[in-house]
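Remarks on the structure that follows.
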Protein chains: 2
Amino acid sequence: MNPKLEFIFRRRSVRKYTDQPVNEETLMDLLEAAMAAPSAVAKDPWNFILVTKRATLNQLTEFMPNAQMLKQAPAAIFVCGDIKRAHGELESYLLQDCSAAIQNILLAATAVGLGSCWLGVHPRPERMAGVRKVFHLPEGIIPVSGIALGYPAEQPEPRTRFRPAYVHRETW
Amino acid sequence: MNPKLEFIFRRRSVRKYTDQPVNEETLMDLLEAAMAAPSAVAKDPWNFILVTKRATLNQLTEFMPNAQMLKQAPAAIFVCGDIKRAHGELESYLLQDCSAAIQNILLAATAVGLGSCWLGVHPRPERMAGVRKVFHLPEGIIPVSGIALGYPAEQPEPRTRFRPAYVHRETW
């Protein structure tokens, strides 16, 4: 693992957090990083919902079995795409663009000392309906994923899951 | 822009490259970074095709109007998902997982001094068919995007496209 790329290998899913809150300035840093991602034809179809209210964080766990750590997390960001703003109004671009922004948030979180965990929402109908209801999403706004955030109470080791079998040269 | 996040703001689409080739070790660094991305239930449905043959790079430009810089680029990586390996065999997860890996490649490229450009393939039928044919992709292997790579002959300034209108607090 090239030490110049440590900022990538150090990012691991962190599901346990201390009680320390995440301040406004840090959340804005993460969103500046998110919106530095590339998007198809620079359409930037993303939207970000910052969540720090305890009641809302708890409510999200009712329909997101993968998001139980939100009961303990001090903050979360939910990423939703606007299908009207996506290139060609195509869901594929919306998902790709929002995912690039999410990955930037995860790496930025790691770089500023936060732990984070990607919480899948799309394409699970029950999770999408729950997120839609909790945040009162308008029509055409598609929830993609959430990100749990907090100062880490666990420290997984840097790693890659590199597998030579997934690498092809010049052709399949 | 928080200087700790410079590694994110410095990544810009670079479409002009010098003649310097990209060596094997550097390409492997990028793939180690790619496979350090998170994926839904750690299914890692991604595959990577390394392309350095001039004839193949040129051939790709015949059906990818957005990829004309490949005529000059010394290398490219094409990222394809295996639908059978995707969580629940769902295309949405395949796209999200491959996009996180692609974003890691772009940031890793920047960190090692390379320029890069995300080249959309999915969901354009003619581009998908072209990629499929050039690389002889088996059934169930879905081309997502390509990445042009080379040492930069242009140096766009670091930036974010942060827009306050895309930020929502606690609810939409």
Side-chain angles (χ1 to χ4, degrees), chain A residues 1-2 4-5 7-9 11 13 29 31-33 35-38 40 42 44 46-53 56 87 90 92-93 95-97 99-100 102-104 106-108 111-112 118 120 122-123 134-138 141 144-145 159-163 166-172, chain B residues 1-2 4-5 7-9 11 13 29 31-33 35-38 40 42 44 46-53 56 87 90 92-93 95-97 99-100 102-104 106-108 111-112 118 120 122-123 134-138 141 144-145 159-163 166-172:
Chain A
M1 295 188 282
N2 184 332
K4 283 185 189 166
L5 307 180
F7 67 92
I8 285 175
F9 301 123
R11 184 225 54 87
S13 295
D29 283 347
L31 295 186
E32 285 199 343
M35 295 189 231
D44 299 358
W46 40 57
N47 298 273
F48 305 90
I49 306 175
L50 297 179
V51 192
T52 57
K53 281 192 183 159
T56 310
H87 182 42
L90 289 163
S92 171
Y93 287 129
L95 291 170
Q96 294 180 60
D97 297 344
S99 299
I102 292 166
Q103 183 62 11
N104 269 9
L106 301 179
L107 294 171
V112 299
W118 186 324
H122 195 279
V134 166
F135 296 125
H136 308 285
L137 298 185
I141 304 300
V144 177
S145 291
R159 73 163 183 193
T160 173
R161 300 189 305 286
F162 180 87
R163 285 183 61 169
Y166 299 164
V167 180
H168 305 262
R169 289 168 189 279
E170 308 299 341
T171 189
W172 188 268
Chain B
M1 295 189 283
N2 184 332
K4 282 184 189 165
L5 306 180
F7 68 90
I8 285 175
F9 301 122
R11 184 224 55 85
S13 295
D29 282 347
L31 295 185
E32 285 199 344
M35 295 189 231
D44 299 359
W46 41 56
N47 297 274
F48 304 89
I49 306 175
L50 297 178
V51 193
T52 57
K53 280 193 184 158
T56 310
H87 182 42
L90 289 162
S92 170
Y93 287 128
L95 290 170
Q96 292 180 62
D97 298 344
S99 299
I102 292 165
Q103 183 62 10
N104 270 8
L106 301 180
L107 293 171
V112 299
W118 187 322
H122 195 280
V134 166
F135 296 125
H136 308 284
L137 299 184
I141 305 299
V144 176
S145 293
R159 73 162 184 193
T160 172
R161 298 189 308 284
F162 180 86
R163 285 183 61 169
Y166 298 164
V167 181
H168 305 261
R169 289 168 189 278
E170 308 299 341
T171 188
W172 188 267

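- Looking at L90(A), the atoms closer than 4.5 Å to chain B (heavy atoms on both sides) all sit in the side chain, from C-beta outward.
- Note on D97(A), V144(A), N104(A), V51(A): by heavy-atom pairs under 4.5 Å with chain B, the leading option is N104(A).
- Taking all atoms of both residues into account, the shortest heavy-atom contact from H122(B) to Y93(A) is O-CE2, 3.6 Å.
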What do the steps show when you test T56(B) against E170(A) for side-chain hydrogen bond (donor to acceptor under 3.5 Å, both in side chains), and what is the final call? CA-CA 8 Å; T56(B) 310; E170(A) 308 299 341; 4.7 Å; no
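- Remark: the backbone N or O of F135(A) is paired with a side-chain donor or acceptor of T171(B) at under 3.5 angstrom.
- Between W172(A) and N47(B) there is a side-chain heavy-atom pair separated by less than 4.5 Å.
- The contact between R159(B) and chain A is made entirely by backbone atoms, counting heavy-atom distances below 4.5 Å.
- When only modelled atom types and interatomic distance are considered, S145(A) and Q96(B) share a side-chain donor-acceptor pair under 3.5 Å.
- Contacts between A40(B) and chain A at a heavy-atom distance below 4.5 Å are absent for every atom of the residue.
- Only the side chain of L5(B) has a heavy atom closer than 4.5 Å to any heavy atom of chain A.
- Heavy atoms of A108(A) lying under 4.5 Å from chain B belong to its backbone as well as its side chain.
- Looking at L107(A) and F7(B), their side chains come closer than 4.5 Å, going by heavy atoms from C-beta outward.
- By number of non-hydrogen pairs under 4.5 angstrom with chain A, the leading residue of P38(B), A111(B), S99(B) is P38(B).
- Proximity to chain B (any heavy atom under 4.5 Å) is shown, for I102(A), by neither the backbone nor the side chain.
- The contact between W118(A) and chain B is made entirely by side chain atoms (from C-beta outward), counting heavy-atom distances below 4.5 Å.
- Between chain B and the residues R163(A), K4(A), R11(A), the most heavy-atom pairs under 4.5 angstrom are made by R11(A).
- In this structure the side chain of M35(B) reaches within 4.5 angstrom of the side chain of V167(A), judged on heavy atoms.
- Top candidate by heavy-atom pairs under 4.5 Å with chain B, chosen from L137(A), V112(A), N2(A), L106(A), is N2(A).
- Of the listed residues A42(A), A33(A), P123(A), G120(A), the one with more heavy-atom pairs under 4.5 angstrom with chain B than any other is P123(A).
- Of the possible polar contacts, none joining the R161(B) side chain to the E32(A) backbone as a donor-acceptor pair under 3.5 Å is found.
- Using a 4.5 Å cut-off between heavy atoms, I141(B) touches chain A through its side chain atoms alone.
- Of the two parts of V134(A), only the backbone, made up of N, CA, C and O, holds a non-hydrogen atom closer than 4.5 Å to a non-hydrogen atom of chain B.
- At least one side-chain heavy atom of L95(B) sits under 4.5 Å from a side-chain heavy atom of S92(A).
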